[in-house]
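These notes are about the structure you will find just below.
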Amino acid sequence: MSRQTPEQRGSFGGLGFILAAAGSAIGLGNIWKFPYIAYENGGGSFVLVYLAAILIIGSPIMVAEVLIGRRTQQSPVGAFLVLAKDVAGGKAWSVIGWLGILAGFFILSYYAVVAGWTVYYFGKCVSWSINGFTAETAAGLGTEFGAFLGNGTQQVFFQALFMGFTMGVVILGVKGGIERTTKFLMPLLMSILVVLALASFRSPGFGEAIGFLFHLGPIDSAGLLEAVGHSFFTLSLGMGAMITYGSYVSRQDSIPRATATICLLDTLIAIMASLIMFTIIFGVPVAERATTFTSRSATILFTTLPRMFYELPGGVLLSPVFYLLVALAALTSTISLLEVVVAYFIDVRGWTRRFATMVVGGLIFLFGVPSALSLGASPALTGLWGRGFFGTVDYLASNWLLPVGGLGIAIFTGWVLSSSVSQDEIETGHGKFGLKPLWMFLLKFVCPLAIGWIIWTVLNGGDFS
Ligand code: PFF
C-alpha cells in the first residue's frame with residue numbers, strides 16, 4: 001500500500017467541505033425524487049417523518065462517516081483497515097468500504113444516464129424558448145420523451161457527456177477540481193432556486209402548494225419506510241461518500257456544525273424544490289393535473305413539467321434555467337460518487353489521480369451503457385431480471401448496498417470504535433460536544449433498528465425506492 005501525505009491527497013479549505021458535501025447531498029434525489037414521493041405519500045405527514053429521519057438517523061450517521069474519514073485520512077476501505085486493526089472482527093470491517101465502492105460504481109452508472117437527460121432537456125428548452133413552444137410541441141412531449149429514451153445513440157451520448165464533465169472535475173483534484181467547482185456551482189444553484197421560488201411565490205398555484213406540503217394527512221407504513229430510506233439516499237449516506245469527503249476535512253473544522261449545515265441545506269432545497277414543482281402543478285387547471293402523477297415514473301420531470309412551464313407567465317425564461325439547475329445539482333453529486341471509487345485506487349492502490357479517474361470513469365461509463373439502453377433501445381435489456389438492467393442496478397444499490405453500508409457504519413461507530421477515539425475526533429475543531437451521549441444512543445440503538453427494519457422489509461419482498 002503506498003500512502004500519500006495529506007498534502008498529496010489534497011484537502012478542503014474554508015467552506016470547501018460544507019459546499020462539496022452539500023453538493024453531494026443535493027441532487028436528483030432532492031429535485032426530482034423528493035417532491036414526487038412526498039406527493040405520492042400525502043404531503044405533510046411524509047415531510048414530517050422525513051425531517052425526523054434526517055434528524056435522528058441521517059445526521060448521526062453523517063457525523064460518524066465524516067469522523068471516520070477525517071480520523072484516518074483515508075477513503076472507506078483504507079479507513080476501516082486503519083481503524084479496525086486492533087478491534088474485534090479486524091480487517092473484516094473493510095467489507096463496509098468495499099460495499100461503498102460497489103454502491104458508488106453502481107449508482108453513478110445509472111445516475112449519469114438520468115443526469116444526461118437534464119442536459120438534453122436544458123438544450124431542448126433553450127430551443128423551445130427561442131423557436132416557440134406550440135400546442136403541437138406540448139401534445140408531443142410524451143412521445144418525444146419516449147423516442148428519446150428509445151434512441152440508444154442519444155442515450156449513450158448524453159450519458160458519456162455527463163461522465164465526461166464529472167471526470168473532468170475529479171481529475172483536477174480535491175482543491176482545484178471538487179472544491180473549486182462546488183464553490184462556484186452551489187451558490188449558483190441556490191440563486192437559481194431562489195429565483196424560481198420567488199417566481200412561484202407570485203404564481204396562482206403557490207397557496208395550494210403550501211397547503212399540500214404542510215397538511216398532515218394519514219401516512220401508511222410504506223410511506224414511513226420510504227421516508228427513512230430516502231433520508232439515506234438524499235444525504236449520500238451508507239456508501240462512504242462522506243467518509244471520503246471527510247478525509248479531506250481540516251482539523252480546524254467542527255464536524256457536528258458542518259453536518260448540521262449540510263442536513264439543513266439539503267432539507268431546505270428539497271422543500272424549496274417541492275414548492276416550486278407543486279406550484280407549477282397546482283397552477284394549471286385541475287383537469288390537466290389528473291395525468292401528472294398517475295403513474296410512478298421518472299418521466300414527470302421531462303413530459304409534464306415542460307408543458308406546465310410554458311403555460312406559466314415567464315415560463316419561457318424559467319424552463320431552461322430550471323433544467324440547468326437540475327443538471328448542476330446532479331453534477332455536484334456525480335462528482336462525489338466518482339471520487340469515492342477513484343480515492344480507493346489512489347489511497348490503497350497508489351494510482352495517480354489522473355490514471356485512476358480515467359480508468360474508473362471509463363469502466364463506470366461502460367457499465368452504465370446497458371442501463372442507458374435498457375429504457376427502450378434494447379427490449380432484451382428492458383425486460384432483464386424483471387426490473388430491467390437500469391432498475392436492477394438501482395434496486396441493488398439503493399435497497400441493499402446503502403442500507404447495509406449504513407447499518408455497518410452505525411454499528412462500527414456505536415459499538416466497536418473506541419469511545420475515546422470518537423470523542424477526541426468529534427471534539428477536534430469543535431470543543432466539548434455536549435450531545436455526545438445522545439449521538440451515541442442514536443447510533444447504537446435507533447439507527448440499527450430503523451435500518452434493520454428497512455433491510456427486513458426488503459428481505460420480505462418490499463421495495464421502497
Ligand atoms: N444524494 C444524491 C441525491 O440526492 O441525488 C445522490 C447520491 C450522491 C447518493 C452521492 C449517494 C452518494 F454517494
Side-chain angles (χ1 to χ4, degrees), residues 19-38 50 53-54 58-59 61-62 65-66 68-69 75-76 96-97 99-118 162 166 169-170 178 182 185-186 189 193 226-247 259 262-263 265-274 298 301 325-344 360 364 393-406 409 465:
L19 290 176
S24 167
I26 297 160
L28 295 171
N30 302 60
I31 301 176
W32 166 67
K33 195 169 173 191
F34 180 75
Y36 178 72
I37 55 178
Y50 167 81
I54 296 271
S59 62
I61 294 186
M62 187 179 291
E65 285 206 22
V66 181
I68 290 174
S75 52
I96 302 173
L99 290 179
I101 290 178
L102 200 63
F105 195 97
F106 276 16
I107 296 177
L108 181 54
S109 74
Y110 66 84
Y111 200 96
V113 176
V114 182
W117 301 346
T118 64
F162 214 90
T166 310
V169 174
V170 171
I178 301 175
T182 46
L185 290 188
M186 292 311 286
L189 195 142
L193 256 181
E226 182 114 40
V228 178
H230 186 65
S231 71
F232 246 72
F233 186 83
T234 191
L235 291 177
S236 306
L237 297 176
M239 53 157 277
M242 293 299 166
I243 296 183
T244 309
Y245 273 11
S247 73
T259 299
I262 296 159
C263 292
L265 282 176
D266 187 75
T267 308
L268 217 68
I269 290 199
I271 304 270
M272 268 165 87
S274 307
L301 205 59
L325 162 88
V326 188
L328 296 182
L331 180 63
T332 51
S333 298
T334 53
I335 293 170
S336 70
L337 287 161
L338 182 56
E339 179 66 19
V340 171
V341 193
V342 164
Y344 164 77
V360 170
I364 294 179
V393 179
D394 177 30
Y395 170 78
L396 287 177
S398 307
N399 288 22
W400 283 103
L401 296 175
L402 294 189
V404 171
I409 289 163
S465 74

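Since the model is a prediction, treat every value here as computed from it, not as a measurement. Every number for a ligand or one of its atoms is a count from 1 in the order of the listing.
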Top protein contact for atom 7 (C) of ligand 1, by heavy-atom distance: S236 OG, 3.7 Å
Taking atom 5 (O) of ligand 1 as the reference point, the nearest protein heavy atom with its distance: Y111 OH, 2.5 Å
Residue M239 vicinity, atoms of ligand 1 by number, heavy atom under 4.0 Å: 11 (C), 12 (C), 13 (F)
Shortest non-hydrogen contact between A227 and A53, atoms and distance: O-CB, 4.2 Å
Heavy-atom donor-acceptor pair, Y245 side chain to E339 backbone, under 3.5 Å: no
Heteroatom distance test (S333, ligand 1): nitrogen or oxygen, under 3.5 angstrom: no
Backbone or side-chain N or O of S336 under 3.5 Å from ligand 1 N or O: no
Proximal atoms of ligand 1 relative to L28 (non-hydrogen, under 4.0 Å): 5 (O)
I107 CD1 to S236 OG distance, which is reported to the nearest 0.5 Å: 8.5 Å
Numbering as shown, the atoms of ligand 1 that approach G29 to under 4.0 Å (heavy-atom distance): 3 (C), 4 (O), 5 (O)
Rounded distance [0.5 Å steps], CG in L193 versus CE in M272: 4.5 Å
Which atom of P76 lies closest to which atom of V340, heavy atoms considered: CG-CG1, 4.4 Å
Side-chain donor or acceptor of S336 paired with backbone N/O of S24 under 3.5 Å: no
Sub-4.0 Å atoms of ligand 1 with respect to non-hydrogen atoms of A241: 13 (F)
Protein heavy-atom partner closest to atom 9 (C) of ligand 1 - residue, atom, separation in Å: F233 O, 3.6 Å
Test item: T234 side-chain N/O and H230 main-chain N/O as donor-acceptor pair under 3.5 Å: no
Sub-3.5 Å N/O-N/O distance, I26 and ligand 1: no
T234: numbered ligand 1 atoms lying under 4.0 Å from its heavy atoms: 1 (N), 4 (O)
side-chain contact (heavy atoms from CB on, under 4.5 Å) evaluation trace for M242 with T259: CA-CA 10 Å; M242 293 299 166; T259 299; over 6 Å; no
Atom indices of ligand 1 within 4.0 angstrom of S24 heavy atoms, with elements: 1 (N), 2 (C), 8 (C), 10 (C)
Best match, A25, G100, A22: closest heavy atom to atom 4 (O) of ligand 1: A25
Considering all heavy atoms, the nearest T182-T332 contact: CG2-CG2, 3.7 Å
Distance filter under 4.0 Å to G27 heavy atoms, resulting ligand 1 atoms: 3 (C), 4 (O), 5 (O)
